[in-house]
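Read the structure below first, then the notes.
The chains referred to below are lettered A, B, ... by the order of the sequence lines, with proteins before strands, and numbering in each begins at 1.
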Amino acid sequence: MSQLVFDPSKVMSIDHTKRTEYLDGLEAIRAAHKVLKEIAYTPSLPDKGYTNRSLYVNVDTLEIKEKPVTQQMKDVFIGGRGFGLYHLWNAVKPTTRWNDPENEIIISPGPVSGMTQYAGTGKSLVVSLSPQTDIPIDSNVGGFYGPLLKFSGFDALELQGKSEKDIILFIDGQKGIIRIEEAPTDPVDSHVLAEILTHMYAENEADLPNISVVSTGAAAEHSLIGMLNFSFYDRRRKCVRFKQAGRGGIGTVFRNKRIRALVIRGPKVAGDMNHPADPETIAKTGIKYHKEIRENDPHQCMMRRNGTAHIVEIMDAYDLLPVHNFQFGSHPDVHKIDSSYWQQRCTQVTVDGCWYGCSMACAKGADGLTVQTGPYKGHLVSVDGPEYENAAGLGSNCGVFDPDYLLELNFYCDTYGICTITYGTLTAFVMECYQRGILNRERTGGLEMTWGNAKDDLEMMHQMARGEGFGKIAGMGVKKMKEYFIQQGWGDAQLINDIGMENKGLEYSQYMSKESLAQQGGYALTNKGPQHDEAWLIFMDMVNKQLPTFEDKAEALYYFPLFRTWFGLNGFCKLPWNDVVPANNSEQPEAHKVPEHVQNYVDLFSATTGIKISKEDLIMQSAKVYNFQRVFNIRMGKGLRLHDAAPYRSLGPVTKEEYESRAERYDQQIITEMGLDPAGNTTEEKMAMHRQWRTGRFSQLMDAVYTRRGWTLDGVPTLARLQELGLDAFPEVVEVVKQHL
Amino acid sequence: MRQLVIDFQKCDAGRNCDHECEMECAIKVFKVDDPAQAALQIKAYEEGGGHAILCDQCGDCVVVCPTEALKRNKLGVVMIDKKICVGCYMCIGFCEKEAFMRNSDWITPHKCTSCGICVKVCPHGALSMVEVPEPAPRIL
């Protein structure tokens, strides 16, 4: 691949401060708010990354109370996702489901979150029981809410109960007030609601960056795939922007609890608010990294120019870009939506970090889009991204190569509060079902779901937001759609199951794993379902060829899920780890781990908390939480080998067209990998050979990975592993495991 | 815009002076008795000659600052608003001249603001203030 050269003369000239405003109704909306409960509290700043206080709010009983953060919580669960899982475990029973009042949404930023000197340090982790998977889901999200929550006094926020009325939870970390307000007339969709609430709760213009809003939109009320938008105020654009806690339907839980929004007004941020143990190390490590971005990013990924969309053309070139529901890996029209287009279309003369100090600044924005359909038709809006996942999921995977339509799909996913990755994969499934006659116009209620039909794609999304028609069926997600289509007798059950790209109930994210055994495991052998948060190995495996042997792949499926879990315990973003690397990285041992950056993380944790750790300790910290989460899944009725099964589309070619599109590669594999002769066999026979070989290989990988993780061959952590990790201190955890040994 | 420049035909990189420029800057501007904290640093090469680390007001730091704490004043000089700065140090990391500095005792970074205090005390008359056109903001 040749490196794309950035040409500033081609950047489109768009006034990034112009957009439709929604503040006219603000005063009437404010007047309709009614205080249901208000308490005073004493705000406090963290000490060495922790405030040692956790906030519990029951939106039904209106109980608001503080809980201490114990030493055991910090030792075992660290923070972020760990605290979320800990609180959720204590809140639910094995029979609890997503829409029961005891289900919680927990937001926790982690001890390092809120640091301003290193890139990617403003993350919050959101945990809940998922409506899609019935097991815990965790989502790593940017925006300002998490850091401002901590700087207002709390390491975590637990939300429990179900309100009868739409409510807003307001935390004022400047004045020390927590208030639950009834919000009867607030707008529903995020881009309107968050703009109004940001201005409503800010006391003046200088206060706007101190406000962050968590919200969702209309589609979260009528689907299982709702997400949460975490806002931050963009000073240059003078608007509210979002990062998304996307996967697993937490936005659906949010609206089921009748929460309209969470609003925080934090103190004005400064560079030392975590009160770290060793600010000097943090400053030096941060400055070193900023220099690395300045010097290396223009020659490596160009994250500052393109964001994550820089890999669209790389994935296409390596035949790994999902096209037409993961059938194919490239498409001749990809150049219309690759980074050469987005770097012209996205505003470049601005600052795009989603927390202070993020020099990687990948949160690109496409300004000046005039919406063509739906309730905001004619409005001038700014669209975040598009990120790679959105370009691939809403774009190539559905055959949509018109960038304006892609942006509009992205805009509506965001404001309606649905996950772009999930929506992309489920729409691709719908379109393939349409292609194969499993669906037709009658069954879709008139929607013509052909590849690339963005208008009907958008109409399906508008239906989802209105809770009508086929959009409501699609909003159940791929797993429930599969069950429904089979139940209706609309097609062959095996074909439907083979092409429906979900595992544990969660839709696959946008990488074609068919030719990468490591990524097949990276998707299916996960705690929360197939996403690239845990083990994004496809690039290492297929592009950089850093995992050549079976053992390398199994080891990577031990190490990387644990390494990447650690980001979520602390409030880090993963991208600064390997989307830029030191110039001499390739000369280092284990270059695929980016050893200098791992040392940075060790140093940043130690310097924040005052607890000296090593690279090995880092992995052990994660292993505790990772194995706890695995046991949590088992407690909720999943988490065993059978639940790690992968749809065959993720392992190999399901259809004749797929096989024939790569016939040379597949025929060669029959010779070299299976020791057989493809000559004289029909395509169907060769597909059968591949199926046997590929499913067998995947099963072998499961054995190797489970063994390396210290699990039984049924995927259950052994008692010895629990003891090694200190999890035997929790009798309930041991009890769950004992039932499966 | 107003810019501090140094003439190495006149400056001998501190070989025959007491680094008055650095000392004056440290004491008068930053109120510290340590020339290493000055916004202007003169470095001598072993083989003769030397170079100066100083801000030329190019404005790259203004482009990358996430809080708009860095802005040009009426003279075109880039100034930092310490009340807005969140101490992220992107200005330091993105300064190609390494003219943005930090001191372990302060959260906010600092740099030369073309105040001219150093110009008056240079025994060789090597420092001067000049007026140059303001460059267009770069995309960084």
- Query: Does any heavy atom of chain A fall under 4.5 Å from the side chain of B:R102, the backbone, both, or neither of them?
  - Reply: side chain
- Interatomic distance, CD@B:E96 vs CD@A:E295, rounded to 0.5 Å, equals 9.0 Å
- Greater than 12 external heavy atoms within 6.0 Å of A:N584's CG: yes
- Message: Please classify the contact between A:A283 and chain B as side chain, backbone, both or neither, with a heavy-atom cut-off of under 4.5 Å.
- Response: both
- Item | Closest-packed option against chain A by number of heavy-atom pairs under 4.5 Å, given B:I92, B:T67, B:I107 | B:T67
- Item | Under 4.5 Å from a heavy atom of chain A, the part of B:V64 involved | both
- Task: Determine the minimum heavy-atom distance between B:S104 and A:E280, stating which atoms define it.
- Result: OG-OE1, 3.0 Å
- Item | Side-chain (A:Q117) to main-chain (B:G87) donor-acceptor, under 3.5 angstrom | yes
- Query: Under a 4.5 Å heavy-atom cutoff, which of A:T350, A:I282, A:D272 has the most pairs with chain B?
  - Reply: A:D272
- Starting at CZ of A:R305, measure out to CG of B:L140 and round the result to the nearest 0.5 Å. 7.5 Å
- Message: For B:E46, is the CD atom crowded, meaning more than 12 foreign heavy atoms sit under 6.0 Å from it?
- Response: no
- Message: Taking CD in B:E131 as the centre, count heavy atoms belonging to other residues, nucleotides or ligands within less than 6.0 Å. Is the count above 12?
- Response: yes
- Is it the backbone or the side chain of A:K268 that comes under 4.5 Å from a heavy atom of chain B, or both, or neither? side chain
- Query: Would you find more than 12 non-hydrogen atoms of other residues, nucleotides or ligands less than 6.0 Å from B:K82 atom NZ?
  - Reply: no
- Kindly compute the distance separating CD1 (B:I84) from CZ (A:R235), expressed to the nearest 0.5 Å. 7.0 Å
- Message: Using a 6.0 Å cut-off, check whether atom NZ of A:K10 has over 12 heavy atoms from anything other than its own residue.
- Response: no
- Message: Would you compute the distance between atom NE2 of A:H290 and atom SG of B:C91 and round it to the nearest 0.5 angstrom?
- Response: 8.0 Å
- Please name the pair of heavy atoms, one in A:V349 and one in B:I139, separated by the smallest distance, quoted to 0.1 Å. CG1-CG1, 4.0 Å
- Quick check: are there more than 12 heavy atoms from other residues, nucleotides or ligands sitting under 6.0 Å from NZ of A:K574? yes
- Query: What distance do B:M101 atom CE and A:I287 atom CD1 have between them, rounded to the nearest 0.5 Å?
  - Reply: 12.0 Å
- Item | Value rounded to 0.5 Å, distance of CZ in B:F94 from CZ in A:R304 | 4.0 Å
- Query: Checking A:Y118 against chain B: side chain, backbone, both or neither under 4.5 Å from a heavy atom?
  - Reply: neither
- What closest approach, in Å, do A:G357 and B:C88 show between heavy atoms, and which atom pair accounts for it? CA-CB, 3.5 Å
